[in-house]
Every structure is written in structure tokens, then in C-alpha cells.
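Only heavy atoms go into these numbers, but all of them, side chains included; no hydrogens, no water, no symmetry mates. Numbering starts at 1 and runs along the sequence shown. Quick caveat, the model's predicted, so the values are computed rather than measured.
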Amino acid sequence: NPTSIDSVTITAKVTDNQTPSVLLWVNVAGTVNSYPMLDDGLHGDGEAGDNIYGAVIPAKPSQTIVRYWVEATDTITGRKRQQPNIKNPETTFGYFIYDNEVTSNFPLFFWQIPQANLNTLNANPQSDNYVKGILVYNGEVFDQVGFRYRGSPWTRNWPKKHWKVQFN
């Protein structure tokens with residue numbers, strides 16, 4: 001898993017009869033940037049002209065979730081293809097930056113729940129409705145995970161919450 005001093009190289013095999021334009025889109029905490037992906041042998045893409053395109057994502061702080069997708073555009077027709085398809089929120093590419101600053105004999109889970117979703121949970125802690133968030137375990141990013149409070153009616157109001165997590 002990458003640490004806060006590591007840049008990360010992303011590669012994609014892109015085939016087209018013409019030379020396509022390929023972009024790597026990167027989303028970090030809602031801020032989206034694009035990087036050109038090149039097949040020139042200089043961007044972690046192997047040999048020039050081998051249809052493997054590469055781009056380097058700069059280092060990010062520890063405990064950062066990085067989500068990304070690749071977009072290829074046919075330079076003649078203008079048709080685009082994205083992988084994974086960002087219209088399907090169930091499918092994402094991502095990784096977690098972690099410097100191992102927490103030591104434990106137990107497995108470590110990290111999750112991020114958008115503030116609006118957390119506000120929904122706190123407004124009605126007795127609800128069994130799930131809100132969406134991100135869970136990271138062992139460096140793997142699981143997107144669109146459901147979270148809710150669990151337990152009896154009186155324990156759901158305790159400061160230390162009991163959680164129920166639902167994977168797709």
C-alpha cells in the first residue's frame with residue numbers, strides 16, 4: 001500500500017485505430033483533477049507505442065482515499081469511454097494512503113461517511129435506514145457501503161455507537 005511519500009503510477013491498455021486522447025481523472029475528497037496518460041515510455045507505461053498508457057498521481061497525505069477513472073477519447077469521432085463507468089457508483093477504482101501510524105494487534109478499519117449522511121443518522125438514531133459511505137480494510141477501498149446505528153433503542157443514543165455495516 002502506498003504511503004504519504006509515494007507517488008502512484010496508473011496504467012491502462014487502450015487500443016484504437018487512431019491515437020486516442022487518454023486522461024486519468026482523480027478524485028480526492030471531492031476535488032477532481034485530470035492528468036494526461038501517455039504511451040511514450042516515460043510515464044510508467046512500459047515501452048513507447050505498446051498501447052499501455054500511464055500517468056503518475058503525486059503523493060498524498062496519510063489516511064487519504066484516492067478514487068480514479070480512465071477516460072479515452074477517439075480523436076476522430078470524439079466518442080469517449082470511461083473505465084470504470086462513473087455513471088455506476090457501485091464500481092470504482094481506488095486506493096488508500098496509509099503510513100501505519102496506528103499500531104494494533106486487531107484489524108484496522110477506516111471509514112468515511114459524508115457529513116450530511118452522518119447528520120441524517122444522528123437526526124434519527126432509531127432508524128434502520130442505511131446511509132452511504134466508504135470503508136477501507138487492508139488498503140482496499142469499498143465504495144457505496146451502507147452504515148447505520150445498531151442496538152436497542154437506548155444504546156443507540158450512547159456516545160460510543162454500535163455500527164451495522166452493509167456491503168453491496
Could you give the distance from [atom1] ([X]) to [atom2] ([Y]), rounded to the nearest 0.5 Å?
X: Asp45; Y: Thr9; atom1: CG; atom2: OG1; value: 9.5 Å
X: Arg81; Y: Thr73; atom1: CZ; atom2: OG1; value: 12.5 Å
X: Ile113; Y: Asn119; atom1: CD1; atom2: CG; value: 11.0 Å
X: Asn129; Y: Thr120; atom1: CG; atom2: OG1; value: 10.0 Å

Of all residues at least two apart in sequence or in a different chain, which pass the side chain to side chain contact (heavy atoms under 4.5 Å, CB included) check with Leu108? Tyr98, Val102, Ser104, Phe110
Side chain to side chain contact (heavy atoms under 4.5 Å, CB included) with Asp6: which residues, sequence neighbours excluded? Pro2, Thr3
Pairs in or reaching into residues 18-37: which pass salt bridge (Lys or Arg N to Asp or Glu O under 4.0 Å), with residues at least two apart or in two chains? none
Pairs meeting criterion salt bridge (Lys or Arg N to Asp or Glu O under 4.0 Å) with involvement of residues 54-70, two or more places apart: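 Checked against salt bridge (Lys or Arg N to Asp or Glu O under 4.0 Å) - neighbours excluded - the pairs reaching residues 54-70 are Arg67-Asp143.
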Applying the 4.5 Å side-chain criterion to the ILVMFWY set and letting contacts propagate, would Ile97 and Ile134 be lumped into a single cluster?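 No, Ile97 and Ile134 fall in different hydrophobic clusters.
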For [X], which residues count as a side-chain hydrogen bond (donor to acceptor under 3.5 Å, both in side chains) partner, sequence neighbours excluded?
X: Tyr149; value: Asn122
X: Ser62; value: Glu101
X: Arg150; value: none
X: Ser4; value: Asp99

State, with a plain yes or no, whether a side-chain heavy atom of Phe142 is found less than 4.5 Å away from one of Trp111.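 When only atoms from C-beta onward are counted, Trp111 and Phe142 do not touch, as no gap falls below 4.5 Å.
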pair Val131-Leu118: side-chain heavy atoms closer than 4.5 Å: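 Of all side-chain heavy-atom pairs linking Leu118 with Val131, none is under 4.5 Å.
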Contacts under 3.5 angstrom, residues 23-33 side chains, donor-acceptor by atom type, not counting sequence neighbours:
residue, atom, partner, partner atom, Å
Trp25, NE1, Glu71, OE1, 3.4
Asn27, OD1, Gly30, N, 2.9

Distance-only donor-acceptor pairs under 3.5 Å for side chains of residues 158-167, two or more places apart:
residue, atom, partner, partner atom, Å
Trp158, NE1, Trp154, O, 3.4
Lys161, NZ, Arg156, O, 2.9
Lys161, NZ, Trp158, O, 2.9

Output side-chain donor-acceptor pairs under 3.5 Å for residues 47-55, partner residues at least two apart or in another chain, one line each.
residue, atom, partner, partner atom, Å
Asp50, OD1, Ile52, N, 3.0
Asp50, OD2, Glu47, N, 3.2

Test item: Asn117 side-chain N/O and Lys132 main-chain N/O as donor-acceptor pair under 3.5 Å: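 Judged by distance alone, yes, a pair lies under 3.5 Å.
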Give me the atom names and distance for the closest heavy-atom approach of [X] to [Y].
X: Val14; Y: Ala72; value: CG1-CB, 3.9 Å
X: Leu121; Y: Arg148; value: CD2-CA, 3.8 Å
X: Asn157; Y: Gln126; value: ND2-NE2, 3.4 Å
X: Pro84; Y: Tyr68; value: CD-O, 4.1 Å

Take Phe147 and Leu135 through the side-chain contact (heavy atoms from CB on, under 4.5 Å) test and state the conclusion after the steps. CA-CA 10 Å; Phe147 295 91; Leu135 185 133; 4.1 Å; yes
For Ile5, what are the other residues in its hydrophobic cluster, where any two members join if their side-chain heavy atoms are less than 4.5 angstrom apart?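 Reading the cluster by chain and number, Ile5 sits alone, since nothing else belongs.
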